[in-house]
Amino acid sequence: MNWRQGGYFSAGLETDPELFRMIEGELKRQQNGIELIASENLVSRCVLAAQGSIMTNKTVEGTVFKRYYGGAIYADEIEALAISRACKLFNCGFANVQPHSGTNANAGVLLGLLKLGAPILSMNITAGGHISHGHPATLTGRDYTVTHYGVSRRTERVDLDEVRDLALKTRPRLIIAGGSAYPRKLDFSQLRQIADEIGAYLMVDMAHFAGLVAARLYPDPLIYAHVVTTTTYKSLRGARGGMVLWNDPELTQQINQGIFPGVQGSVMLHAIAGKAACLGEALREEFTLYNIEAQRSAVLLAQKLSAGGARIVTGGTDTTLVLVDLTAFDLTGDTAAQALELAGLAVNKNLIPFDQRSPERPSGLRLSTNAGVARGFGEREFATIGGWIIRILHNPSDLGEIENIRNEVSELCAAFPIY
Ligand SMILES: *Cc1c(COP(=O)(O)O)cnc(C)c1O
């Protein structure tokens with residue numbers, strides 16, 4: 001039989017029933033549950049189409065209009081479009097949209113700007129830092145000499161005096177700001193001053209607040225940082241992947257070569273098409289409204305949880321992220337997350353500053369309004385969700401109560417359908 005008669009170019013996922021069942025299951029899970037995980041979001045049908053497009057067939061390497069392979073006319077146009085939209089959105093001179101992930105963006109920048117073994121200074125994980133900022137289990141932890149700063153015990157915010165002390169003591173070549181579980185504004189101007197005192201680069205990883213920066217609802221790191229990295233699938237509400245932004249033309253070659261050939265080979269053009277699509281959406285007025293609602297809803301969710309007896313780390317949030325300390329409930333993050341998942345509320349367990357517990361059984365939960373607001377929720381819905389969370393935190397093993405809430409969650413989801 002001719003293999004083309006088997007529907008190779010025409011039949012879809014249904015030709016693989018085993019895989020089809022799993023992806024359908026995940027679709028139902030996303031439709032019928034509330035996503036509160038801060039590193040997730042719900043993309044538009046347009047981003048989905050771009051990322052699932054035939055661009056996956058094309059292989060290119062190198063930078064736009066300087067490829068090693070032919071047939072790159074549309075590949076070049078798409079990558080150039082993503083770059084120009086990124087530069088316009090963040091008001092910066094240069095962008096590299098090739099990183100397959102946030103981790104690769106960070107690794108590529110460090111590889112491009114630093115020598116092997118160079119000292120770096122970044123935020124520790126319990127304070128909210130990210131594993132790709134020099135954790136010993138990662139390549140960045142192996143390749144550089146890493147010192148971490150934390151947060152103040154009293155305010156749970158970055159202590160700039162500590163950062164300056166450690167910078168003067170360890171003379172890092174690069175300082176990293178920004179993390180995965182830090183809900184507050186950062187003072188980029190002060191951080192840049194510290195970097196300048198010792199002649200270090202300042203790198204800001206804005207993965208969790210890039211959307212707010214784009215909407216001008218958070219301090220702009222590009223004014224102060226030498227280089228800014230981000231993911232595109234969290235607060236930017238878009239395609240899976242990462243991105244690097246900067247202004248100084250002197251850094252262009254080092255950064256681009258750090259990404260390719262430094263840490264990556266050929267480009268994922270379907271992901272870049274998805275990035276172009278999400279950056280196009282982010283340039284529209286609607287994206288500002290989305291971020292205003294996400295930020296407002298997060299403030300309200302924090303208030304609601306606090307009124308219900310939970311302690312909010314730092315006392316609130318400036319972003320769309322809320323970090324909850326469960327100590328008052330005599331509950332660990334893993335148990336709470338499991339109970340919440342049974343009710344259709346997806347969250348992640350998280351360390352809190354100065355956590356005495358392990359990452360597997362930490363004292364906290366991390367929540368975000370990003371995905372909920374993408375499906376149309378606002379303050380009203382997040383007030384309701386906050387109420388459900390508190391009820392479950394009080395009765396994590398009451399299966400009847402969880403079942404009641406699960407039904408209410410399904411009803412709310414049905415009122416805000418996705419896909
Ligand atoms: C999520 C995140 C990353 C890593 O992104 P991956 O795409 O998972 O590699 C990097 N930095 C920060 C601050 C993040 O929150």
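Whatever order the structure lists them in is the order used to number ligands and atoms, beginning at 1. Only heavy atoms go into these numbers, but all of them, side chains included; no hydrogens, no water, no symmetry mates.
Side-chain contact between Val313 and Pro353 is present, with at least one heavy-atom pair separated by less than 4.5 Å. Proximity of Thr335 to Leu326: side-chain heavy atoms (C-beta onward) are nowhere separated by under 4.5 Å.
Residue pairs meeting the ring-ring contact (aromatic ring centres under 6.0 Å, His included) criterion with at least one partner in residues 216-239, sequence neighbours excluded, are Tyr201-His226, Phe209-Tyr218.
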Go through Asp355 and Thr126 one step at a time and tell me if the side-chain hydrogen bond (donor to acceptor under 3.5 Å, both in side chains) criterion holds. CA-CA 7 Å; Asp355 209 325; Thr126 52; over 6 Å; no
Short N or O separations between ligand 1 and the protein, below 3.5 Å:
residue	atom	partner	partner atom	Å
ligand 1	5 (O)	Tyr233	OH	3.4
ligand 1	7 (O)	Gly102	N	3.0
ligand 1	7 (O)	Tyr233	OH	2.6
ligand 1	8 (O)	Tyr233	OH	3.1
ligand 1	9 (O)	Ser101	OG	3.4
ligand 1	9 (O)	Gly102	N	3.4
ligand 1	9 (O)	Thr103	N	2.8
ligand 1	9 (O)	Thr103	OG1	2.6
ligand 1	11 (N)	Asp205	OD2	2.5
ligand 1	15 (O)	Ser180	OG	2.9
ligand 1	15 (O)	His208	NE2	3.1
ligand 1	15 (O)	Lys234	NZ	2.7

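Taking the six-membered ring where tryptophan is involved, the planes of Trp246 and Phe94 are essentially parallel, since the angle between them stays under 30° and well short of 60°.
Arg361 has a carboxylate O that lies under 4.0 Å from a charged side-chain N of Asp334, or vice versa, which qualifies the two as a salt bridge.
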